[in-house]
Amino acid sequence: MTAAGDTPLIAVSDLAANYGHVAALKPTSLYVAPGEFVTILGPNGAGKTTLLRAITRLIASSGRIAFNGRDVTGLRTHDLAKLGIIMVQEGRGLFGEMTVQENLSLGAYSLGGSSADVERRYAKVFELFPRLRERADQIAASMSGGEQQMLAVGRALMADPKLLILDEPSLGLAPRVAAEILSTLGNLNKAGLGILLVEQKAPLALKLAQRVYILSSGYVRAELQTHEIKSHHDLARYYFH
Ligand SMILES: Nc1ncnc2c1ncn2[C@@H]1O[C@H](COP(=O)(O)OP(=O)(O)OP(=O)(O)O)[C@@H](O)[C@H]1O
Ligand SMILES: [Mg+2]
């Protein structure tokens, strides 16, 4: 249940993951309500990427996952993607030798939808990121960091996500470009897309998010409404500098 008593878009219960003997993620529970923008903050090594990979089944984990009230614990990454759980990974995971267009088409690959649907998604991605249209035939590896991140988000959108999960999309980008990408995420959320974002650029990410989880040493230390952070003296000093 969400705070408002609704069925969450995604609800994760007691999710835990190890690397060998190291418990990188201790039993962790969180949810994203329909149409909500949730940010996860936390220092390097806190387990943020591990948490996202556990949710999307890129690594083995224990615990339960429900999506729109349905138990999806046993599903694999690809089946979760078909339901609309799509992740933009840290480092973007693009096919560097392929063109922008080819990378986008891979986002839609095997996830179904008529060709008219796919065309509509291209149009939407190009509307959000006009630079991708201009560079449709360019090799992905030759794009700037910001353009590559736009492409990674664009490719995720081609899969028609219901929940978009992003791992530090602003990493290594100039502040202006990072702001542009994050504000696009804000617009997608306003149009109804659920978003779960791991981000180090806290002030920017907190402007967009309705709720925040703070992860540290592999577990959730705090769950707050964004507006509560400012009245939390220690957190405010840490995250709004
Ligand atoms: N493949 C792996 N094998 C062993 N240990 C790992 C592996 N991946 C991550 N870890 C360890 O698990 C812990 C959590 O790592 P994780 O990448 O989830 O942190 P993070 O919060 O995403 O950090 P960052 O902000 O630096 O991206 C760290 O101590 C890390 O060293
Ligand atoms: Mg990480």
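Numbering of ligands and ligand atoms starts at 1, following listing order.
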For ligand 1, is [X] a contact, meaning one of its heavy atoms is under 4.0 Å away?
| X | value |
| --- | --- |
| Gly20 | no |
| Glu168 | yes |
| Gly42 | no |

Task: Arg221 charged N/C atom sitting above Tyr219 aromatic ring, 6.0 Å / 45° - done: yes
Open item on the list: Does the Lys NZ or Arg CZ of Arg211 fall within the cation-pi geometry relative to Tyr31 - under 6.0 Å from the ring centre and within 45° of the axis?
Closed with: yes
In ligand 1, which numbered atoms sit nearer than 4.0 Å to a non-hydrogen atom of [X]?
| X | answer |
| --- | --- |
| Thr49 | 17 (O), 18 (O), 20 (P), 22 (O), 27 (O) |
| Glu90 | 27 (O) |
| Gln200 | 25 (O) |
| Pro43 | 21 (O) |
| Thr50 | 14 (C), 15 (O), 16 (P), 18 (O) |

Open item on the list: Let's test this: below 2.8 Å, count the protein N/O/S atoms around the Mg ion (ligand 2).
Closed with: 1
TODO: Determine if the distance from atom 14 (C) of ligand 1 to the closest protein heavy atom is below 4.0 Å.
DONE: yes
Open item on the list: Determine whether any protein heavy atom is located less than 4.0 Å from atom 31 (O) of ligand 1.
Closed with: no
Task: Passing candidate, side chain to side chain contact (heavy atoms under 4.5 Å, CB included) with Ile85, options Asp79, Thr56, Thr77, Ile65 - done: Thr56
Donor-acceptor pair between [X] and [Y] side chains, under 3.5 angstrom:
| X | Y | answer |
| --- | --- | --- |
| Thr99 | Asp137 | no |
| Tyr213 | Thr28 | no |
| Thr39 | Glu199 | no |

TODO: Please name the pair of heavy atoms, one in Ala54 and one in Ile59, separated by the smallest distance, quoted to 0.1 Å.
DONE: N-CG1, 3.7 Å
Task: Intermediate values then yes/no, side-chain contact (heavy atoms from CB on, under 4.5 Å), Thr49 and Val198 - done: CA-CA 8 Å; Thr49 297; Val198 162; 5.7 Å; no
Open item on the list: Keeping Thr184 on the side-chain end and Glu180 on the backbone end, is there a donor-acceptor pair under 3.5 Å?
Closed with: yes
Task: atom 2 (C) of ligand 1: nearest protein contact (heavy atom, Å) - done: Tyr19 CD2, 3.5 Å
Open item on the list: As a check for students: among Leu25, Asp167, Asn44, identify the option with a heavy atom nearest to atom 26 (O) of ligand 1.
Closed with: Asn44
TODO: Taking atom NZ of Lys162 as the centre, report whether more than 12 heavy atoms of other residues, nucleotides or ligands fall under 6.0 Å from it.
DONE: yes
